[in-house]
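Structure first, then comments.
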Amino acid sequence: MTDRPTGGPAAGPTAYLGAAAAFAVCMAGTTLPTPLYGLYQQQIGFSELMVTVVFAVYAFGVIGVLLLVGDVSDSVGRRPVLLCGLALAAGSAVAFLAEQGLPLLWVGRLLSGFSAGLFTGTATAYVLELAPPGHRARAGFVATAANMGGLGCGPLLSGLLAEYAPGPLVLPFVVHLVLLAASFTVLWFLPETVPGARPLRTARPQRPALPPEVRGVFVPAGVAVFAGFALLGVFTSVSPAFLAQSLGVHNHAVVGLIVFAAFFASTLGQLLVPRLGTARAVPLGCLVLIAGLALLAASLAWTALPPLVLSALVGGAGQGMGLRGAVGEVAAAAPAEHRAGVLSALFVVAYFGISIPVIGVGLLSEPLGLAHAGLVFTACMAVLAAASGGYLLRRAHAHA
């Protein structure tokens with residue numbers, strides 16, 4: 001698989017779009033179960049804490065892969081790693097289809113995490129490398145939009161199918177398997193972009209490294225990404241329970257649409273970054289994210305739906321601005337031979353953000369209740385976002 005001609009500028013002018021489509025399909029599978037957790041709770045019987053644990057199993061799968069083999073595609077090539085990621089995503093769908101209790105849910109989420117871990121840094125680098133020279137800036141948006149857009153389409157697809165089609169716990173995963181097969185075909189025919197890529201069997205675990213020239217921008221960018229992904233983690237894990245228990249919203253399609261809104265807004269927020277510049281996008285994204293967290297707090301405190309919808313839109317936009325700005329700044333500072341590894345390290349931080357705070361909400365929801373646990377979460381994430389944004393603004397002024 002690694003003896004194919006290398007890509008880059010010689011690849012077809014739309015090759016990067018094919019890679020981005022496969023990226024989106026893989027990421028959609030990771031959020032596909034979001035509107036279905038209530039159905040699994042009814043069928044199996046488990047607490048809200050267990051929902052957050054099942055969700056976090058996925059995040060820990062991502063983190064494990066990013067830490068161990070996050071930069072493996074820099075040596076063995078992008079395509080073999082991404083094809084393995086699609087195979088793991090298919091295994092996740094099969095585990096959910098065979099589900100008979102919590103163990104297979106955990107297996108499905110873990111395999112989903114492995115697939116996302118292989119895709120996150122590698123697919124971002126692959127899309128950038130496949131783009132023709134005149135499309136490199138657009139490719140940066142396409143890569144992050146495929147990531148966020150795919151994450152948003154997962155709950156939208158499963159919510160619609162669960163509400164309006166038969167087999168709510170079957171059909172979403174069958175449809176995803178079909179999309180994965182199509183994505184596998186697309187990736188199979190795309191060129192490799194890593195010159196002299198070694199065979200996949202030579203891959204060895206190696207933690208992502210941060211070259212010295214990256215470290216100055218990595219820490220504040222990582223804090224902003226952590227806070228943004230924490231907000232998305234809450235929307236994809238515990239917002240369905242809040243909608244059902246506190247707001248009386250039991251329509252799976254509505255739940256999926258609200259979660260989709262957060263990721264769609266993230267994609268729109270990324271569109272603003274070229275006008276702002278990556279250096280300004282992160283602190284401004286932090287400011288918008290804080291506004292989204294305030295709206296989430298208002299929804300929790302007043303048990304109201306409109307602030308929750310606005311929180312998804314505003315907070316998602318802030319997260320998107322911060323993410324694309326952080327990816328742009330970090331990728332620009334990283335040497336080409338370490339780019340996938342550095343991006344993987346950034347997403348390690350992101351997935352700690354999507355898991356640790358969510359488990360904290362689950363733990364606090366037992367003694368405090370879901371709403372009060374959410375208020376503690378919003379306060380903590382607002383402090384982090386303010387610290388990151390403030391530091392980056394001071395840094396920008398110092399270098400002006």
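On a predicted model such as this, the values are computed, not experimentally measured, just so you know.
Listed here is the closest heavy atom pair of V282 and A326: CG2-N, 3.5 Å. Between V214 and P335, the closest heavy-atom pair is CG2-CD, 4.5 Å. What you find for L130 and A19 is that their closest heavy atoms are CD1-CB, 3.8 Å. Across all their heavy atoms, S158 and L36 have their closest contact at O-CD2, 4.2 Å. Closest non-hydrogen pair, A145 versus Q270, comes out as N-OE1, 3.2 Å. The heavy-atom pair separating A227 from L384 by the smallest distance is CB-CB, 4.4 Å.
Atom CZ of F229 and atom CG of L289 lie 11.5 Å apart (nearest 0.5 Å). Of the inter-residue distances, the one linking F260 atom CZ with L157 atom CG reads 11.5 Å to the nearest 0.5 angstrom. Between the OH atom of Y37 and the CZ atom of F46 there is a distance of 8.5 Å, given to the nearest 0.5 Å. Summarising the geometry, atom CG belonging to L17 is positioned 8.5 Å from atom CZ belonging to R138; distances are rounded to the nearest 0.5 Å. Here L171 contributes atom CG and L161 contributes atom CG; the two are 5.0 Å apart, rounded to the nearest 0.5 Å. Distance check, rounded to the nearest 0.5 Å: OG1 of T236 to CG of L231 gives 9.5 Å.
Annotation: side-chain contact (heavy atoms from CB on, under 4.5 Å) contacts of A291 (sequence neighbours excluded): V314. Legend: residues meeting ring pair (Phe, Tyr, Trp, His ring centres under 6.0 Å) with F242, ordered by chain and number and at least two apart, are absent. With sequence neighbours excluded, no residue forms a ring pair (Phe, Tyr, Trp, His ring centres under 6.0 Å) with F60. A search for ring pair (Phe, Tyr, Trp, His ring centres under 6.0 Å) contacts involving F173 returns F96, not counting sequence neighbours. Scanning for side-chain contact (heavy atoms from CB on, under 4.5 Å) contacts around R275 gives an empty result, with sequence neighbours left out. For A332, there are no side-chain contact (heavy atoms from CB on, under 4.5 Å) partners at least two apart in sequence or on another chain. In this view, R109 satisfies the salt bridge (Lys or Arg N to Asp or Glu O under 4.0 Å) rule with no residue, not counting sequence neighbours.
Hydrophobic clustering, with ILVMFWY side chains joined whenever heavy atoms are under 4.5 angstrom apart, groups F189 together with L180. No continuous path of hydrophobic side-chain contacts links I290 to L232 [ILVMFWY only; heavy atoms under 4.5 Å]. Cluster membership for L86 and M27, using ILVMFWY side-chain heavy atoms within less than 4.5 angstrom, is shared. Linking Ile, Leu, Val, Met, Phe, Trp and Tyr whenever their side-chain heavy atoms come within less than 4.5 Å leaves L313 and L295 in two separate clusters.
If you chain together ILVMFWY residues whose side-chain heavy atoms come under 4.5 Å of each other, V376 ends up grouped with L364, L368.
A salt bridge links R78 with E129: at least one charged nitrogen is closer than 4.0 Å to a carboxylate oxygen.
For the pair H176 (side chain) and V25 (backbone), a donor-acceptor distance under 3.5 Å is present. One N or O on the side chain of S75 and one on the backbone of V72 form a donor-acceptor pair closer than 3.5 Å. For the pair E213 (side chain) and A333 (backbone), a donor-acceptor distance under 3.5 Å is absent. Under a 3.5 Å cut-off, the side chain of T185 and the backbone N or O of A181 do form a donor-acceptor pair. Listed for the T122 side chain is no donor-acceptor partner under 3.5 Å among the backbone atoms of F119. A distance-only check finds no donor-acceptor pair linking the side chain of E329 to the backbone of A221 [under 3.5 Å]. A donor-acceptor pair is defined here as one N or O able to donate and one able to accept, closer than 3.5 Å; no such pair exists between the side chain of S246 and the backbone of L243.
Looking only at side-chain heavy atoms (C-beta outward), V225 and L346 come within less than 4.5 Å of each other. By the 4.5 Å heavy-atom criterion applied to side chains, L82 and L118 are not counted as neighbours. The side-chain heavy atoms of N147 and L151, taken from C-beta on, include a pair separated by under 4.5 Å. In this structure the side chain of V194 never reaches within 4.5 angstrom of the side chain of S73, judged on heavy atoms. For the pair T52/V238, a side-chain contact is recorded, criterion being any heavy-atom separation below 4.5 Å from C-beta on. Looking at heavy atoms from C-beta onward, L102 lies in side-chain contact with W106 at the 4.5 angstrom threshold. You'll find the side chain of T31 stays beyond 4.5 Å of the side chain of F235, heavy atoms only. Residues F23 and T144 fail the side-chain proximity criterion, which asks for heavy atoms closer than 4.5 Å.
In F264, the CZ atom is not crowded: 12 or fewer heavy atoms of neighbouring residues, nucleotides or ligands sit closer than 6.0 Å.
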V249 and I258: CA distance, side-chain angles, deciding distance, side chain to side chain contact (heavy atoms under 4.5 Å, CB included) verdict: CA-CA 11 Å; V249 176; I258 290 173; 5.6 Å; no
Side chain to side chain contact (heavy atoms under 4.5 Å, CB included) between I63 and L66, worked out: CA-CA 5 Å; I63 291 165; L66 290 175; 5.7 Å; no
Residue pair Y164, H252: steps toward the side chain to side chain contact (heavy atoms under 4.5 Å, CB included) verdict: CA-CA 9 Å; Y164 302 115; H252 302 297; over 6 Å; no
Verdict with reasoning, Y126 to L190, per side chain to side chain contact (heavy atoms under 4.5 Å, CB included): CA-CA 10 Å; Y126 194 41; L190 288 179; 3.3 Å; yes
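A side-chain hydrogen bond (donor to acceptor under 3.5 Å, both in side chains) check over residues 90-99, counting only residues at least two apart or in different chains, returns the pairs Q43-E99. The list of side-chain hydrogen bond (donor to acceptor under 3.5 Å, both in side chains) pairs with a residue in residues 309-324, not counting sequence neighbours, reads S266-Q319. Screening residues 348-357 for side-chain hydrogen bond (donor to acceptor under 3.5 Å, both in side chains), with sequence neighbours left out, gives Y58-Y351. Screening residues 285-299 for side-chain hydrogen bond (donor to acceptor under 3.5 Å, both in side chains) gives no qualifying pairs among residues at least two apart or on separate chains.
Between F184 and W188, the ring planes lie parallel to each other; the angle is under 30°, not in the 30° to 60° tilted range.
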